[in-house]
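Worksheet: one structure, shown below.
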Amino acid sequence: MSETTDFIRDIVRADLASGRTQTVATRFPPEPNGYLHLGHAKSICLNFGVAAEFGGACHLRFDDTNPVKEEQEFIDSIQRDVRWLGFDWGEHLYYASDYFEQLYNWAEHLIHAGLAYVDDTPPDSMRSQRGTLTEPGQNSPFRTRSVDENLDLFRRMRAGEFPNGARVLRAKIDMASGNMNLRDPVLYRILHAHHPRTGDAWKIYPTYDFAHGQSDAIEHITHSVCTLEFEDHKPLYDWLLDNIPAPSRPRQYEFARLNITYTVLSKRILTRLVSENHVSGWDDPRMPTIAGIRRRGVPAAALREFVRRIGVARAYSTVDVQQLDAAIRDTLNPAAPRRMAVLRPLKVIIENYPEGQTETLEAINHPDDPSAGTRTVTFGREIYIEAEDFMEDPPKKFFRLAPGKEVRLRYAFFITCTGIDRGPNGEILALRCTYDPATKGGNAPDSRKVQATMHWVAAADAVTAEVRLYDHLFAHPNPGAEGDVMADLNPASVEILSNCLLEPALADAPIGAAVQFERLGYFCRDRDSTPSRPVFNRTTGLRDTWAKVQAEPTKSQPAKRAARGSRPENLTTLKTT
RNA sequence: UGGGGCGUCGCCAAGCGGUAAGGCAACGGAUUUUGAUUCCGUCAUACGGAGGUUCGAAUCCUCCCGCCCCAGCCA
């Protein structure tokens, strides 16, 4: 495994080698208007990762220039999520709002230099004056105001003399530029709004363009890394820094933002999912937010591994969500202790096992890690197995329990199905089996083989629990591609099973800690658990080749080449029942 | 007939003029008290297309095609 490299790191390395900079300073600059998601995780890993690898620092800076959208709750959650992801900004916690006074002074500097003017043009007119993509814009009639008048008006804007929208401060650049961002961009707007940090001190707020590069310069950021859609802003970023007495000269670099199949990473849409109650909240385990993913049971290391695997480039791309599942499994497999849980219980009565008797068996906590130790499980006359592990009339390739068939109960005994107890309508109530006492622990002295080993729990001490099985939030690989995103919501994105049975060792599992339910997947206890009723979330399933075998109609299905634009549909894990 | 970008295996992604890394997926096979894991093997004469330069091009040049972003007083 070679060390991580990408074009950003190449640039940093070259800048260090050429002496363009002696140190490296990056920043992660979220606007506190929502929760962080997987796209942010990519940026966080990149910015903090680069800083760490090159002995520099990465700042956490809140880009809080638009008070109408920002909230303290988001400031708090962002810090929590970045920390949870495993990164530390140390002393370097900043807010663009900390620079409002400096920014204001620089705005006056531009006015003095004749490079900025107060414009009274109403928003609608300003839009039409801006021209179109193919036609140049027209100069505002206020573009030629005197420095003194501009200064006076700008100061009165700050003083709160004018209502929202009455005037703005604009940079005087080029209304005919092919780059729309250079057609006299707005630098300040009037906003009589309460800011989570500066309260009511300000009546005007700088725009992104007038705050971001300057904040970078104030903090002596060397490499300001953002996503591709800001590419067109770079000439403005540079123009502004060229025309103020900037304390340092940061440079902007852009990379492709993250897209994932069956997933939406638009803060606007995520906000709607929450506000319209399509999910239970920002940390709903189906959400692609860091908080949701954490609640689902995904460890931070898995997210970092996912980000490492997908790389950083400038090419537009959409990562297959399976890639995330694979990183989760690869992280959890060596770490998660194994336990047994039955999601859809089917009672089994061991007819030759003495009534009222139980015994204790030893089970290992991890097959590849002896140091994980062992635990004990109870065995008795009545046990439960997974309903889908029994078929009355099994097809050829079904290895599990069936009438007359012998299988192994993991860590316990071989059992053979001898009969079926039925209800009045012929439904299966329970299975009658016999066990072979000589196979205790799971090995037959005569070394006879069975085709399957199945998980189970004892009726005597099983704990009832609720288990929530999550599937993709969206049913379409590219949600919204055909119109309304909400129309692509997966109606079956969660399945709640309320009569699951757990081995007792699971009852007091810590919330959020990953555990593997053998043969089923990775799960963790949810915070909705009560002392009497545990609730578990499925983080992700195990690879399931049986499900694949089952799914294929015939082996002769022609290997169809995916048509352009379409994607393989077999992306879901464990679509049981 | 505006400006800025991007096109390498089904999906990501290395490659920076010297003869196509790696990961995910897929497909074979071995081991297996999880149809899991692990292990071994297969998987681009080919780099959007066409020309050109060169002993040699995914890498340089020209033209063409396709896709993405920009007309918020959002970020």
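Within every chain, numbering begins at 1; the chains are lettered A, B, ... in the order of the sequence lines, protein sequences first and strands thereafter. Hydrogens, waters and symmetry mates play no part in the numbers below; they use all other heavy atoms, side chains included. Since the model is a prediction, treat every value here as computed from it, not as a measurement.
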Considering only atom [atom1], compute the distance from [N] to [M] and round it to an integer number of Å.
| N | M | atom1 | result |
| --- | --- | --- | --- |
| B:rC39 | B:rG52 | P | 48 Å |
| B:rU1 | B:rC60 | P | 26 Å |
| B:rU45 | B:rC69 | P | 32 Å |
| B:rG17 | B:rC55 | C1' | 12 Å |
| B:rU54 | B:rC43 | C1' | 33 Å |
| B:rU37 | B:rG28 | P | 15 Å |
| B:rG56 | B:rU42 | C1' | 30 Å |

Among [options], find the nucleotide with the atom closest to the side chain of [X].
| X | options | result |
| --- | --- | --- |
| A:T318 | B:rC74, B:rU34, B:rC12 | B:rC12 |
| A:R130 | B:rA75, B:rG15, B:rC73 | B:rC73 |
| A:S317 | B:rC74, B:rC73, B:rA13 | B:rA13 |
| A:E231 | B:rC12, B:rG4, B:rG2 | B:rG4 |
| A:D10 | B:rC16, B:rC73, B:rU34 | B:rC16 |
| A:R189 | B:rG2, B:rC12, B:rA75 | B:rA75 |
| A:Y208 | B:rA13, B:rA75, B:rA25 | B:rA75 |
| A:R543 | B:rG5, B:rC12, B:rA25 | B:rA25 |
| A:N179 | B:rG3, B:rC6, B:rA25 | B:rG3 |

Q | Pairwise distance CZ(A:F379) to OH(A:Y435) - rounded to 0.5 angstrom | A | 7.0 Å

Q | Atom pair OH (A:Y95) and CG (A:D63), whose distance is rounded to the nearest 0.5 Å | A | 12.5 Å

Counting the atoms with a prime plus P, OP1 and OP2 as sugar-phosphate, which does [X] contact under 4.0 Å by heavy atoms, base, sugar-phosphate, or nothing?
| X | answer |
| --- | --- |
| A:Y411 | base |
| A:F230 | base |
| A:E31 | sugar-phosphate |
| A:V68 | nothing |
| A:I310 | sugar-phosphate |
| A:T65 | sugar-phosphate |
| A:D119 | nothing |

Q) Between A:K42 and A:H366, which is nearer to the 5' end of RNA chain B once each is assigned its nearest nucleotide? A) A:K42

**Q.** Nearest-nucleotide comparison on RNA chain B, the residue closer to the 5′ end among A:D63 and A:P367
**A.** A:P367

Measure [atom1]/[X] against [atom2]/[N] and give the value in whole Å, please.
| X | N | atom1 | atom2 | answer |
| --- | --- | --- | --- | --- |
| A:D124 | B:rG72 | CG | P | 10 Å |
| A:M180 | B:rG72 | CE | P | 7 Å |
| A:F255 | B:rG5 | CZ | P | 18 Å |
| A:Y253 | B:rG4 | OH | C1' | 17 Å |
| A:R127 | B:rC74 | CZ | P | 11 Å |
| A:F523 | B:rU34 | CZ | C1' | 13 Å |
| A:H233 | B:rG72 | NE2 | C1' | 10 Å |
| A:D325 | B:rA36 | CG | P | 16 Å |

Q | From CA spacing to verdict: side-chain hydrogen bond (donor to acceptor under 3.5 Å, both in side chains), A:Q214, A:Y237 | A | CA-CA 8 Å; A:Q214 285 83 330; A:Y237 181 104; over 6 Å; no

Does [N] have a Watson-Crick or wobble partner in any strand here, with both distances under 3.5 angstrom, and which is it?
| N | answer |
| --- | --- |
| B:rA75 | none |
| B:rU1 | none |
| B:rU34 | none |
| B:rG66 | B:rC6 |

Q: Look at the aromatic rings of A:H233 and A:Y208 and report parallel, tilted or perpendicular, splitting at 30° and 60°.
A: perpendicular

Q. In terms of the angle between their ring planes, are A:F517 and A:F536 parallel, tilted or perpendicular, with boundaries placed at 30° and 60°?
A. tilted

OP1, OP2 of [N] versus side-chain N and O of [X]: anything below 4.0 Å?
| X | N | value |
| --- | --- | --- |
| A:R329 | B:rU37 | no |
| A:T453 | B:rU32 | no |
| A:K548 | B:rA26 | yes |
| A:R314 | B:rC6 | yes |
| A:S177 | B:rG3 | no |

Q: For the pair A:F154 and A:Y188, evaluate ring-ring contact (aromatic ring centres under 6.0 Å, His included) and give the outcome as yes or no after the intermediate values.
A: CA-CA 9 Å; A:F154 189 48; A:Y188 269 92; 5.3 Å; yes

Between the base of [N] and the side chain of [X], is there a donor-acceptor distance below 3.5 Å?
| X | N | answer |
| --- | --- | --- |
| A:D232 | B:rG3 | yes |
| A:H455 | B:rA36 | no |
| A:R338 | B:rU34 | yes |

(Q) Checking side-chain contact (heavy atoms from CB on, under 4.5 Å) between A:V342 and each of A:L502, A:V457, A:D389, A:I385, which is the one that passes? (A) A:V457

Q: Find out whether A:V515 and A:Y522 are in side-chain contact, i.e. whether some heavy atom of one side chain is under 4.5 Å from a heavy atom of the other.
A: no

Q: Take A:F100 and A:Y205, measure what ring-ring contact (aromatic ring centres under 6.0 Å, His included) needs, and give me the verdict at the end.
A: CA-CA 8 Å; A:F100 280 174; A:Y205 290 88; 5.7 Å; yes

